[in-house]
Amino acid sequence: MNSTDSAGDKLHDMKVLQGMTLEQIRTVIEIMQQSSDAYMFILDLSADIYILSEKATKRFPFRTMVIENCTETIRKVIHPSDYEMVASDLEKCRLGEKDTHALEYRWMDRMNRVVWISCRGTVVTGAEGHRLLIGTVSELGRKAKADNVTGLRREAALRLDMGNLLQENPGSVHYMMRIGIDNFKEINEKEGIEAGDEVLRELAECILKTVGENVRVYRLMADEFMVVDEGQAMELEPRAVYRQVQQAIAVTAKRKEYSRFYTVSAGVLEGDFTGKTVEEIMRYTEFALNEAKRGGRNQMRPFVQADYEVYLRKLDIRKALRQDINHDFRGFEVYYQPIVSTAGGYKLIGAEALLRWKNDGYDNMSPAVFVPILEESGLIIPVGRFVLWEAARACKKWQQYIPEFHINVNLSYVQLHKSDLMRDVEKCVQEVGLDPESLVLELTESGYIETNERIKELFRDLKARNIDLALDDFGTGYSNMRYLKEIDFRTVKIDRSFVAQALQSEYDFNIISHIIDMVHSLGSAVCMEGIEEKEELARMMATKPDMIQGYYFGKPAPAKQFEEDFLLAKDSL
Ligand code: C2E
Ligand code: MG
Ligand code: MG
């Protein structure tokens, strides 16, 4: 054992902890070491003596188990880039400013290879009031291989560094930039983990090349990196850093003859860091990066507090929606708005089912706000079913007054793509005993732009069951006539905004007239939405719509009221 030969007898017999001599402690460490993979150590911060297990001396370039003037020796073992961080943390432990030490950093092994380690310990008071750090060093390399991919420090180190900075000198932080690879999953899946690792290494190099030595770069989970510019003066504007990283990636891609291609997005947090917590800055940078990705990737986005608040509000709404759905659709109600046919006088022929949601936290929220949230979260699928069943039952009931009464139900593209709509519709009409011909499903243009075979088949199946489709909101979005030809819409609903324009300008009025002619020539009927006034009705009737839906004939109303106003009352229109 090459243990204490350099330390003299005096050191040998020195009382260290609870009356134990150094030799006794060394023996305890050796015994404990037998039952652990981690290396045990005691660091006497006051006397600058380091005692560690023999196993550690075999793997790392420590000459002996007991090391005097250890600051110097440790310096040779710790990776130069990490030394300052470790030394400063240990100094705080020595001065009594903190009593725990938990850092991840790099040691160099006997072959001078980098090994990531996690060093954890607690300070206790030993003999003569010495401050002793007792703990373990575990190698991370074996447990978490990816840690060694880029040679950069990890999230734990970032959190720790930022924690210290935010506490001690938040003003010195200029910006934090979170960089993420746009198509990392694809690279990993298509080309394998090795290729993924290579890209990570490459990107780490590109970032390090761009930023100077004073800028800290960390590797976060999966495919993300964090750049922290901190110090006297900002080295480079974040946008310039981002551009240069993009350029460096392009140069590397060219050098490698375009064998692989990837882009990166970035989210930047700038401004005053005072009073912010580590959790906050991590969340803010994550949000900004996600915004960049949502915005189409391959771009940089700054963190904008107002956008973040909108996002948080959406999360709150989503939570409330989910809770209400799970409480048997508490607060959800279907309203009905009359649809009037124009053939031979105005006659009620049906209604559109329009969803409403009431929640104590939010007063009368428009479906234009909460429907997109239901769509994003997939919650529109159960809610869509709820609407379908409610509307089908109401329609069945109202057919006792008007036998040809039909009901229009709005469908979201999410329902088309992500649920078994045909099954739901079949089941619904069967359970309710509704004639499928009374059901009209409304779709908006934007939803099926990416019309695929499955959707086309669904449309064919619906047609085979005599369920009609209506194209909703025509005039907004692309107003693409091609869809009218491709998909057999029974009705085209002209959006209120289009109607409003036609009421204001002769030119738009002519366009709408032509469009209606064209729709008619393709064999579909036209329903005009948003007619509010008598004059509007008179003017728009010249364009020969087949149906009208608008406040003029009736606003959306709860089932009971709709029934009273339009089905039980005489001369309701
Ligand atoms: P939409 O399907 O185009 O429905 C027509 C909208 O125009 C309704 O708004 C209706 O209240 C409004 N409207 C009708 N006549 C007039 C009028 O004369 N003047 C004015 N200013 N507005 C009129 P609402 O109920 O707020 O619904 C907004 C949108 O939310 C709907 O537009 C539809 O896209 C969506 N939505 C509503 N219910 C559902 C649902 O159950 N499922 C799905 N996926 N979407 C729904
Ligand atoms: Mg509609
Ligand atoms: Mg509409």
Whether [Y] and [X] form a salt bridge (side-chain N of Lys/Arg under 4.0 Å from carboxylate O of Asp/Glu) is what I want to check.
{"X": "Glu309", "Y": "Arg313", "result": "no"}
{"X": "Glu202", "Y": "Arg255", "result": "no"}
{"X": "Arg423", "Y": "Glu426", "result": "no"}
{"X": "Arg201", "Y": "Glu205", "result": "no"}
{"X": "Glu376", "Y": "Lys418", "result": "no"}

Glu532 vs Arg539, test: salt bridge (charged side-chain N to carboxylate O under 4.0 Å, His left out). Steps then yes/no.
CA-CA 12 Å; Glu532 295 184 350; Arg539 176 98 174 103; over 6 Å; no
Inspect the surroundings of [atom1] in [X] and state if more than 12 heavy atoms from other residues, nucleotides or ligands are less than 6.0 Å away.
{"X": "Arg490", "atom1": "CZ", "value": "no"}
{"X": "Gln305", "atom1": "CD", "value": "yes"}
{"X": "Gln430", "atom1": "CD", "value": "no"}
{"X": "Asn326", "atom1": "CG", "value": "yes"}
{"X": "Lys276", "atom1": "NZ", "value": "yes"}

Heavy-atom pair with the smallest gap, counting every atom of [X] and [Y]:
{"X": "Leu439", "Y": "Ile467", "answer": "O-CG2, 3.7 Å"}
{"X": "Met177", "Y": "Met300", "answer": "CE-SD, 4.3 Å"}
{"X": "Glu375", "Y": "Ser412", "answer": "OE2-OG, 2.9 Å"}
{"X": "His520", "Y": "Val526", "answer": "NE2-CG2, 4.0 Å"}
{"X": "Trp116", "Y": "Leu152", "answer": "CZ2-O, 2.6 Å"}
{"X": "Leu567", "Y": "Leu348", "answer": "CD2-CD2, 3.9 Å"}

Kindly indicate whether a cation-pi arrangement holds for Lys314 with Tyr311, taking the cut-offs as under 6.0 Å to the six-membered ring centre and within 45° of the axis.
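Because its charged atom misses either the 6.0 Å distance or the 45° angle limit, Lys314 does not stack over Tyr311.
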Between Phe566 and Phe562, how do the two ring planes meet: parallel, tilted or perpendicular, split at 30° and 60°?
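Aromatic pair Phe566/Phe562 classed tilted.
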Can you classify the ring geometry of Tyr284 versus Phe303 as parallel (below 30°), tilted (30 to 60°) or perpendicular (above 60°)?
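Taking Phe303 first and then Tyr284, their aromatic rings lie parallel (interplane angle under 30°).
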Do Glu563 and Trp398 meet the criterion of a side-chain donor-acceptor pair at a distance under 3.5 Å?
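There is such a pair (donor and acceptor under 3.5 Å, judged by atom type) between the side chains of Glu563 and Trp398.
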Verify the distance criterion only: is there a donor paired with an acceptor across the side chains of Asp473 and Thr444 at less than 3.5 Å?
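The answer is no; no qualifying pair exists.
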Could you give me the CA-CA distance, side-chain angles and deciding distance for Arg454 and Glu457, then say whether salt bridge (charged side-chain N to carboxylate O under 4.0 Å, His left out) is met?
CA-CA 5 Å; Arg454 206 178 74 81; Glu457 194 185 310; over 6 Å; no
